[in-house]
Amino acid sequence: MLSLTDSIRISSPLSDSRLSFLSQTGSRTSRQLKFGRCRRARVSRCKCSATEQPPPQRRKQRPEKYKQSEEDKGIDPVGFLSKYGITHKAFAQFLRERYKSLKDLKDEILTRHFSLKEMSTGYELMGMHRNMQHRVDFLEWAPGARYCALIGDFNGWSTTGNCAREGHFGHDDYGYWFIILEDKLREGEEPDKLYFQQYNYAEDYDKGDTGITVEEIFKKANDEYWEPGEDRFIKSRYEVAAKLYEEMFGPNGPQTEEELEAMPDAATRYKTWKEQQKKDPASNLPSYDVVDSGKEYDIYNIIGDPESFKKFRMKQPPIAYWLETKKGRKGWLQKYMPALPHGSKYRVYFNTPNGPLERVPAWANFVIPDADGMQALAVHWEPPPEYAYKWKHKLPVKPKSLRIYECHVGISGQEPKVSSFNDFISKVLPHVKEAGYNAIQIIGVVEHKDYFTVGYRVTNFYAVSSRYGTPDDFKRLVDEAHGLGLLVFLEIVHSYAAADEMVGLSLFDGANDCYFHTGKRGHHKFWGTRMFKYGDLDVLHFLLSNLNWWVEEYHVDGFHFHSLSSMLYTHNGFASFTGDMDEYCNQYVDKEALLYLILANEVLHALHPNVITIAEDATLYPGLCDPTAQGGLGFDYFANLSASEMWLALLENTPDHEWCMSKIISTLVGDRQNTDKMLLYAENHNQSISGGRSFAEILIGNSLGKSSISQESLLRGCSLHKMIRLITSTIGGHAYLNFMGNEFGHPKRVEFPMSSNNFSFSLANRRWDLLEDVVHYQLFSFDKDMMDLDKNGRILSRGLANIHHVNDTTMVISYLRGPNLFVFNFHPVNSYERYIIGVEEAGEYQVTLNTDENKYGGRGLLGHDQNIQRTISRRADGMRFCLEVPLPSLQVDPNSKSMITLVIKVPHMMTQKERFYIALTLINIDTFPR
């Protein structure tokens, strides 16, 4: 993890002053926040004689307002428009105005915060923190409150025991409340002699318990640190002032202002003193002098003796002695009782104009949202350092392609209950590793009150859900995943928040405009959730710090930003989009939300260069994955939501022979803008949660394929299940996603416990026992080999697919990706004994992966003599050579294949290792009606 420090460089008015993120080695990262450049006009005159030629005329310069300032160099607010050939004047003007607003916002931020890094690390101060001076500090933002106190089991839930009143030290002008909880001195113990006595609680907690007193450490410092004469004025601090007074006025100088006569000017006094001291012996103390060149303004230009300055610079401050005064945790526990012990339950109490309120602190990192039917409360999480979790594994290397396994901890078990982090570690992580995925994306981890909301109505943004375990349990989950080489992504919901008042942020301080907008804009039009006020600096402080918190505290590797359309538009994305550019820059676009997303990506990628951000936006806002310097929003990937919706509509509503190949291709690859950054999935949790059905449930039903479904229908369903996944995973960008259990055809939907099902857990789990069934294990084997195809053959990390054959009549699709050729026959009836597909390279194409093999549930009809396909010297599909691919039909031969997918490779472009992973996929489909 890259540790960054902030630095300010201030130069002359002719150079720019910039605030940037600097690494410890001094190298500048790619993210810079720059201040404007101050320009100075210069006028020069030119004289010409009759014999002299006049100077050449210069071209008329552009007005000053059109010149690019130093801070804007390398930045083009509309840069990505020309990249994609977009010529929409209104949208271009909107981007320029948005960039100006971004600069103004950064300037406003820097009036209250030292840097963007400091703004995004609010968790270091906010909430509950142990101070090294034997106390606990609490800081909360509640501008609408008049009184703030901490209540809990540590003080008998008293509203006056630990408080900070308005007008006192504990409240500032921005609405932040500060409360100190002093540790209690044990009976018989004396207070610390050193006023600022510090203790080691977590780091180096075993140091400082040697029994050495503070007096002994100070004496050691005076004996070892100071050279002879250097500590003279420390021991007698008034000696210098008394000597100076005596030098100026004599031993019997004036004692009152009335006795003080007119004093000579400073220069005269200095010269007189210098004359008197010229015969003094050399001193070990630094010597200084005043340089006077006869000018009135430089009589105070004081320079030092070079030797003295060198000696002073080489002198290291006595920090080591100060650190030695710190005492260890053992000494602290012996002398004090913690004011807030580990595991204490507490809430924050406010007195507001609308009456008293009790709330769960907004920055609490461990919350019990429904404590046995009682009001929600926070839990102070401060385990002893010897029991706190210690990280074991390094962060995995950022891969060139992503194979993401989406999962939900609560439903990850087979038993009808809420599974825990520990259950997930022992059962799911090994399965993900075996399946060949390189990342997991966890939904529903952030604390939420209602389990049936799947975790999308977040109540406590800094807390892991207590129903799954403790914060240390989640740290162990992330660490174990990293040990297996898996990245860990968190689905973050910053587009809205839960409307709960007792446990969430709604009406947090009694006012309606604390974290959210007021009126209709502050409420989601359909979901009843609250909408953040992204233009408020304190809300930005909360949200940006939240992103950084999950990376720093829990070592997550990236974020999937959920439902951006809810925050980007005041209509929350519930409007008909025609694709016109005006819809992305009209009055319904929330510019403040756009600025927040830009800041979020800039901060995350500056502080953590390897972090990955994924955008989920149903409207595909222009520039989602383009650099912020070119007018984009700065995401690394965007999710193609329409692909899964298309497959679902085809399976449920469209007969096989009416499938449109052109529509399938256009949906999977879109307009090919940023296709390489597209995240594709055939189905995610949306298909099996919220009342939907998984593809397996549609294709093969809820049975195990043994009695209630015919063999032909089972074969058709399993074949389509594999075929859809193969084309979806190989035709798009560098990322593919699958929801937990769908890789082996989980036949049942997910339904969380709620009143409509009598709070049953029967469907809130995953049937891992299905892997013991032949049909589901065969589907899993195919999905595993499909992941190996990318892991070893690097399919996703290659360039974009070259789609050169799409025929709606024959229902055949073919495309090239790298040296691999893919051919899909979606026709349910027609057979093609020698279907011609164009290829660029001549040679023999070898079959190494065949879905018609017995191990994938096929019939094993492809003989070994058919594993090699030879090219023909004939132009086809705009290419020099072609292949004649057999695509037989079920109506011709009951044992033949009706739908086929080939993945083949030019032999001379293959390594011996790669040969094994090139696939010929034959898909069996019957023609029986559904």
Got a donor-acceptor contact below 3.5 angstrom from the [X] side chain to the [Y] backbone?
X	Y	answer
Arg798	Gly793	yes
Asp808	Met661	yes
His746	Arg767	yes
Asn792	Leu789	no
His776	Phe744	yes
Asp557	Val488	yes

Would you say the side chain of [Y] lies within less than 4.5 Å of the side chain of [X], judging by non-hydrogen atoms?
X	Y	answer
Trp550	Leu547	no
Gln441	Tyr405	no
Ile727	Trp647	yes
Asp626	Phe635	no
Leu490	His560	no
Phe559	His494	no
Tyr815	Leu821	no

Quick one about [Y] and [X] (side-chain donor to acceptor, distance below 3.5 Å, no hydrogens or angles considered), yes or no?
X	Y	value
Ser401	Asp790	yes
Trp768	Ser412	no
Asn765	Glu415	no
Thr810	Tyr835	yes
Asp423	Ser420	yes
Ser760	Asn758	no
Ser563	Tyr456	no
Asp783	Ser781	no
Ser566	Asn572	no

Exactly one candidate in Arg725, His721, His431, Lys784 meets side-chain hydrogen bond (donor to acceptor under 3.5 Å, both in side chains) with Glu743; the answer is His431
For Phe761, I'd like to know if atom CZ has over 12 heavy atoms of other residues, nucleotides or ligands within 6.0 Å. yes
I'd like to know whether NZ of Lys398 has more than 12 heavy-atom contacts from other residues, nucleotides or ligands below 6.0 angstrom. yes
Before you tell me yes or no, could you show the steps for Asn738 and Glu406 under side chain to side chain donor-acceptor pair (under 3.5 Å), namely the whole-Å CA-CA distance, both residues' side-chain angles and the distance that decides it to 0.1 Å? CA-CA 6 Å; Asn738 170 71; Glu406 187 183 36; over 6 Å; no
Is it true that Glu683 and Arg749 make a salt bridge, defined as a side-chain N closer than 4.0 Å to a carboxylate O? no
Let's go through Ile803 and Ile731 carefully: what are the C-alpha distance in whole Å and the side-chain angles of both, what is the deciding distance for side-chain contact (heavy atoms from CB on, under 4.5 Å) to 0.1 Å, and is it a yes or a no? CA-CA 9 Å; Ile803 305 172; Ile731 200 173; 3.9 Å; yes
Run the ring pair (Phe, Tyr, Trp, His ring centres under 6.0 Å) check on His408 and Phe752 step by step: do they pass? CA-CA 12 Å; His408 186 283; Phe752 282 80; 5.2 Å; yes
